[in-house]
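For reference, the structure discussed in these notes is given below.
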Amino acid sequence: MPSSRRRRFGDSELRFADVFGTESSGSLSQVLRRAEEEPVDEDQEEYVLFGTLQGSVVGLRYYTGVVNKGEMVSLVREPHNPYDRNAVMVANVYGSQVGHIRRQLAAPMAYIMDNNLAKVEGVVVYRTNNQFTMPVHLSFWGKEENRLAIVNELSSHGFKLALGSKGGQGTSRGGATLERFWTVSRRTTAVPLTPEQLKNAFDKLFDDLMEDKTREMEAAEAVCTALLPHQKQALAWMALRENSDELPPFWEQQNNLYFNVLTSFAVKERPDKVLGGILADDMGLGKTLTTIALILTNFHNGKPLPLQGCAGSAKTKVSSEPAKTDGLRSGSHFAEEKPQGAASSSQCKRHLDASNVIVISDSEDAGEGVAPKKKGSAMLSEDSDFAAALGGVLQVPSSQKKKACKKREDCDEMQGGTGTSAGPRATLIVCPLSVLSNWLDQFEQHVCADVNVHVYYGSNRIRNPRFLAKQDVVLTTYNILSTDYTDKRCRPLQEVSWLRVVLDEGHVVRNPAALQSKAVLGLRAERRWVLSGTPIQNSLKDLWMLISFLRLKPFDTREWWNRVIQRPVTLGDETGLQNLQTLVKGITLRRTKSSRVGGRLLVELPQKQVFVEHITLTKDERQQYKKLKKDSRAIVKRYFREGTVMTNYADILAMLVRLRQLCCHPQLLGSSGTSDAGLVGTTENVSTPDELRQHLVEKITLVLSSGSDEECPVCLESLRQPVMTHCAHVYCKPCICEVIRSEKENAKCPLCRAQINISELVEYPGEQENLDMSQDKDKCLSSSKVDALMIHLLQLRTQDPSIKSLVVSQFTKFLSLLEVPLREHGFNFTRLDGSMSQKSRVEAIQAFQDSAQGSPSVMLLSLKAGGVGLNLTAASRVFLMDPAWNPAAEDQCIDRCHRLGQQSDVMVTKFIVKDSIEENMVKIQRKKQELVKKAFGAKNAEERKQSRIQDIRALMEL
DNA sequence: ACCGCCGGGTGCC
DNA sequence: ACCGCCGGGTGCC
């Protein structure tokens, strides 16, 4: 850049230098991403193509960005440009500025873009040999209602939109006249698909993902559980993905350039490798074990993790912050109860005996760099630390031990000392709290070497990045990750350079606006993995987060994802679908329980049978139910009449809860349950702020104490840290706080648009065990449902006392009520619910899984307690006491025992009260399941609201 | 830019 | 000479 020009255009040059200068690529992505964080980034699914326009890009000679024929460009408004506040900048896929839109056209475009009337997308369809300007093909996308405004604005500046032909194409060809300039080979023309075809295509997305992924790999010696064949395949594939030198999907090498087939973008530098991917195996196929095996086996180029091992210990060493009793002390009890090396050294020996003891001789004379002859030996010989790790057990000559110890100590002085190189060592695993203990269990169970697993959790967690980097594995939760992220001053997880980051249940991260998403995207790592049985939860949009996390350029920027993948696919473009499949295929391994390898089932599970048992209420129960239903209906009817269903949503939910409770047991309603007072009052007769607050606390307690699986209207997930607004709507605390923060003083409730602010939010006081319960013990009445359950349990005990059962309810209070008859009949039982500490959970699970005589035969389980990873295979009977809103939650619950390791056939009994709200719920469940099958996502806020209202009608039979 | 536009030089053909 | 025409300088926003 000549200095005269720099002076001349000083202001703007400088600013661009700031934005683009520091990094060679990706900076614009950040700018774009920042822009997209603003609320204007609505569902583009409703967008239609208004038309196209030929424009020109000027000022090419001032910028370095290049564009090839057919390449897509992005258009970015530059409201602060000193020469023209209408300026529209043009940038290529990698974010380098190419030029500006000519000012005459920039004027109407600025208006359109600033008022969010349309999204304008550019493609440089052909190039002239003009070095100063180039033509750009602009397509205008937006909501139908804005069409007129756009057409008017353009025509007032003398521009006219040409009708867009064959819309949809991400690599938009726009006007038919331009078709001939399109040279990149695209064989198929866009043929819209029917929803049915689309759905099938989505299923197919994961088909054929097995091919050439059947090679097996043995796990490192430190893994002492024998992997099943399909797990060895997954391990081989994962290691391959981590050591891969391949170009990411859609990149091809052409001469000395790297060319992106989809965006036509070419760069000299090789695009960053995408190390990692999505392990999308079905639940129960052992994603956790496979990942543990990966961590231990593939530290560097297929070599195992070098383990320190000075002492004679050979077990997973779990550490967490010292003593602190705030809720959860994951893992610490392992250390307390089983001092290092004591418990499992026998396990280790067993393992070593069974595998190869040649280890030592090999490791001594193999020297450096000898090609591996057999599994294990080479890994050991090439890494003295690892040999030393085993040495503790195998009695390596003491000189070698000492040497290894010394080395380890030295390494500890360096940040993230690895024992072999200066590169990062630690793997960060982020998981939902519910499966955290499962990870610890699995490390404990499957690893027999000295692996440092540090639990980063609890208020006294060690916020020291240097310390964290030195661990082998750091386990934390999404919650901690996002909480830390809000503290700008101390974000240890963000500071560490991880060898590997694993997102367990990765689909929980799907809303790009959520804090946890930002935190996840900010993590630094060489390799990235997403574990999820259901990578696409609701819609294709969900996948973007994951792709973005994996940094699959250029799709980690929302614009390119939308243009090239999401919109073409949702518009039914077959090419778009093919592209999506190629993309997913390249980075995903998915097998289901019914997948077959070489004609054989991947995993043979015992049978599962589901029975529905209809319960008839007693005369008394029926009468009570009828009365409550009549009163509730009257109130809901009134809301419908007044059109205030949404504003009184919490009240309605509370009434529904009461009806459901009554189906289970009258005592669930509590003291107020028997009279009209039990119905929720309106806020009208509440005057003081204190009263209002108290009132809201009662409401939120009523709505949530039941375990009703309400979703947060912002993140669409199950509620996390639920809070209630003054207008009585429930959200995740972080979600609604984020809304309030971004909207400042004018924050409105997303559901009813009432004014809200942070100080007025009412927190959910949590599950309180009803105290009168214990006093009522003796006069505890039974109920039809309780009786039905007891008949089953007693029968089972006579039939075969070793059979274990899960008794599941959403109402923890109901579980407490059930304890009474269980005790009366001398059942030994355990209990697992959300209010329990991590420690007592683990104890409950262990006790239940124990097969010894006299071990508990029943587990009282709250539906949402314990996450997906929970392993309750000791049970072969499941009693679902009450239907859930979300049928998937029930299935998940059943799968906790119907999974790998289950020895017997599983029988599930669902109790449904005849002629009650429960039957209506089942109907809705069924309908929803069909909907999920048919329409793929595509539900916007309004549709969701409508469907909720419809649900209420159906439930109340209105 | 093999353009458009601006402004200075110039002035029959 | 308050025009036309010529040719050099110049050029995104």
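By convention in this document, chain letters (A, B, ...) are assigned in the order of the sequence lines, proteins followed by strands, and residues within each chain are numbered from 1.
Between the P atom of B/dC5 and the CZ atom of A/Arg102 lies a distance of 11 Å, rounded to the nearest Å. Between A/Leu60 atom CG and B/dA1 atom C1' there is a gap of 12 Å when expressed in whole angstrom units. A/Met109 places its CE atom 19 Å from the P atom of C/dC12, with the value rounded to the nearest Å. The distance from atom NE2 of A/His80 to atom P of C/dC13 is 19 Å, rounded to the nearest whole Å. Whole-Å rounding puts the A/His100 NE2 to C/dC12 P distance at 11 Å. Per the geometry, OH belonging to A/Tyr62 stands 12 Å off P belonging to C/dT10, to the nearest Å. A straight line from CD of A/Gln97 to P of C/dC13 spans 12 Å, rounded to a whole angstrom. A straight line from CZ of A/Arg61 to P of C/dT10 spans 11 Å, rounded to a whole angstrom.
The side chain of A/Tyr83 approaches C/dC13 more closely than any other nucleotide in the set C/dC12, C/dC13, B/dA1.
Spacing between B/dC2 and C/dC13 at atom C1', rounded to whole Å, works out to 26 Å. C/dC6 and C/dA1 are spaced 16 Å apart, taking the C1' atom of each and rounding to whole Å.
Checked for salt-bridge contact, A/Asp114 and A/Arg77 meet the test: a charged N lies under 4.0 Å from a carboxylate O.
For the atom pair A/Asp245 CG and A/Lys273 NZ, the distance stands at 4.5 Å (nearest 0.5 Å).
A donor and an acceptor atom never sit less than 3.5 Å apart when one is taken from the side chain of A/Asp84 and the other from the base of C/dC13.
A/Leu75 has its side chain within reach of A/Leu138: a pair of non-hydrogen atoms, C-beta onward, lies under 4.5 Å apart.
Both thresholds, 5.5 Å between centres and 30° between ring planes, are met by A/Phe132 relative to the base of B/dA1, so the two rings are stacked.
Across all strands shown, B/dG11 forms a Watson-Crick or G-U wobble pair, both distances under 3.5 Å, with C/dC3.
Residue A/Ile101 is classed as a sugar-phosphate contact, given heavy-atom separations below 4.0 Å to backbone atoms only.
A/Trp529 does not carry A/Arg500 over the face of its six-membered ring by the limits of under 6.0 Å from the centre and within 45° of the normal.
By the rule that a glycosidic angle within 90° of 0 means syn, C/dA1 counts as syn.
Between the side chain of A/Trp498 and the backbone N or O of A/Arg527 there is no donor-acceptor pair closer than 3.5 Å.
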